[in-house]
Amino acid sequence: MNLKLQKIITIDGPAGAGKSTLARELARRLTWIYLDTGALYRAMALTAARRGLDPHDQAAAEEMARSISLSAHPKPEGTAILVDDEDVTALLRSPEVSRNAAVISAWPGLREALLGIQRALGTRGEVVAEGRDMGTVVFPEAGLKLFLYASPEARARRRCQELTAKGEKVGFDEVLADITARDEIDCSRPVSPLRPAPGAVTIDSTNLDIDAVLKVMINAFRNRFSPGILIKGNRQ
Ligand code: DC
C-alpha cells in the first residue's frame with residue numbers, strides 16, 4: 001500500500017451538496033491541497049463544444065480525450081485547467097458546460113484518460129479530492145473517505161438562494177428538476193456511478209449548515225489521522 005495515498009481525503013456526493021465549499025475549506029484548515037476533479041470533466045465538455053463535437057458521441061468524445069493536451073493545477077480557491085496551454089478555468093461554470101459535462105463524463109475512455117492526471121496529483125499526499133468517484137475508483141486507498149449527501153429538495157433550496165442572491169430569477173421547480181436529472185445521470189452510468197465507497201463516512205447535510213458539516217469532517221479527520229493535531233481556526 002502506498003503510504004502517501006493514505007494522506008488523502010476523498011469527498012464524493014451529488015451535485016449541489018456543498019462538496020466544493022467544504023473540500024476547499026477543509027483543505028485550507030489542514031493546509032492540504034484542494035483538488036476539484038469536476039473541473040477536468042468540465043474542461044472536456046468545453047473543448048468538445050469548441051470543436052463542434054456532440055457530447056453524446058462516445059467515439060468522438062473518447063478520441064478527443066486521448067488527443068487533448070490538458071493539465072490541472074490545484075490552487076486554494078479551485079483547480080485551474082490548461083487546455084493546449086490556454087487557461088480555460090474561467091469558462092467552466094456556465095449552465096451549458098454543466099449540462100454537457102454530465103453527458104460526456106459517462107464515457108469510459110474519457111474517464112480513463114483523466115485517471116492518470118488525477119492520480120499523479122494525489123501521489124503528493126495531503127490532498128482533499130472532491131468529485132463523484134474519488135473514493136470508489138480514483139483513490140480507493142485514501143485514508144479518509146467521505147460521502148456528502150443532502151436531499152434533492154434541500155439542494156434545490158440552497159441553489160435557489162445562491163442564484164437569488166446573485167440577482168438571477170429562477171423557479172424552485174426548474175432547479176429541482178435540473179438537480180434530479182443530474183442525479184439520475186451520475187447514479188445510473190455503468191462506469192464509475194456515484195455511490196459511497198466501501199468504508200466511507202456518509203454525512204447527511206440536509207439539515208446541517210456548512211459549519212456544522214465542517215465540524216463533522218474535522219472530527220472524522222482527527223479520529224482517522226491525528227487526534228492531537230492543531231487545525232486552523234475560523235472560516236474565511
Ligand atoms: O462537480 P461538478 O459539478 O463540477 O462536476 C461536473 C460534472 O463532472 C458532473 O456532471 C459529474 C462529472 N464528474 C464525474 O463524473 N466524476 C468526477 N470525479 C467529478 C465530476
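Remember, it's 1-based here, ligands and their atoms both numbered in the order they're listed.
- Side chains of Arg132 and Tyr41: no donor on one and acceptor on the other come within 3.5 Å.
- With a 4.0 Å cut-off on non-hydrogen atoms, Arg189 touches ligand 1 through its side chain and not its backbone.
- When only non-hydrogen protein atoms are considered, atom 12 (C) of ligand 1 lies nearest to Ser105 OG, 3.7 Å.
- Here is the list of ligand 1 atoms found below 4.0 Å of a heavy atom in Asp186: 10 (O), 11 (C).
- Among Gly16, Ala102, Gly38, the residue whose heavy atom lies closest to atom 20 (C) of ligand 1 is Gly38.
- A donor and an acceptor atom, one from each side chain of Thr37 and Glu130, are nowhere located under 3.5 Å apart.
- Within ligand 1, counting atoms from 1 as listed, the ones closer than 4.0 Å to a heavy atom of Arg42 are 2 (P), 3 (O), 4 (O), 6 (C).
- By the criterion of a heavy-atom distance under 4.0 Å, neither the backbone nor the side chain of Lys19 is placed next to ligand 1.
- Residue contacts with ligand 1: Ser98 is placed with no nitrogen or oxygen under 3.5 Å of a nitrogen or oxygen of the ligand (distance criterion only).
- Distances from ligand 1 to the non-hydrogen atoms of Arg111 include at least one value under 4.0 Å.
- Donor-acceptor pairing under 3.5 Å is recorded for the side chains of Arg224 and Gln6.
- For ligand 1, the polar-atom distance check against Asp36 finds no nitrogen or oxygen pair separated by under 3.5 Å.
- Annotation for Ala39 and Leu92: closest pair O-CD1, 3.7 Å, computed over non-hydrogen atoms.
- For atom 8 (O) of ligand 1, the closest non-hydrogen atom of the protein is Tyr41 CB, 3.4 Å.
- Atom 19 (C) of ligand 1 has its closest protein heavy atom at Thr37 OG1, 3.6 Å.
- Across the listed options Pro193, Ala45, Ala101, Ala101 owns the non-hydrogen atom lying nearest to atom 7 (C) of ligand 1.
- Taking 4.5 Å as the limit, some side-chain heavy atom of Asp183 sits within range of a side-chain heavy atom of Arg155.
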**Request:** Given side-chain contact (heavy atoms from CB on, under 4.5 Å), test Leu35 with Met134 step by step and report yes or no.
**Result:** CA-CA 10 Å; Leu35 175 61; Met134 297 297 99; 5.6 Å; no
**Request:** Quick one: do Ser105 and Arg189 satisfy side-chain contact (heavy atoms from CB on, under 4.5 Å)? Show the steps, please.
**Result:** CA-CA 9 Å; Ser105 59; Arg189 65 171 170 246; 3.5 Å; yes
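- Using modelled atom types, one finds no donor on one side chain facing an acceptor on the other under 3.5 Å when comparing Ser98 with Arg93.
- In terms of polar-atom proximity, Arg132 is counted as a contact of ligand 1, with an N or O under 3.5 Å from an N or O of the ligand.
- Interface atoms of ligand 1 facing Met134, defined by a heavy-atom separation under 4.0 Å, are 18 (N).
- Ile11 has its side chain out of reach of Phe147: every pair of non-hydrogen atoms, C-beta onward, lies at least 4.5 Å apart.
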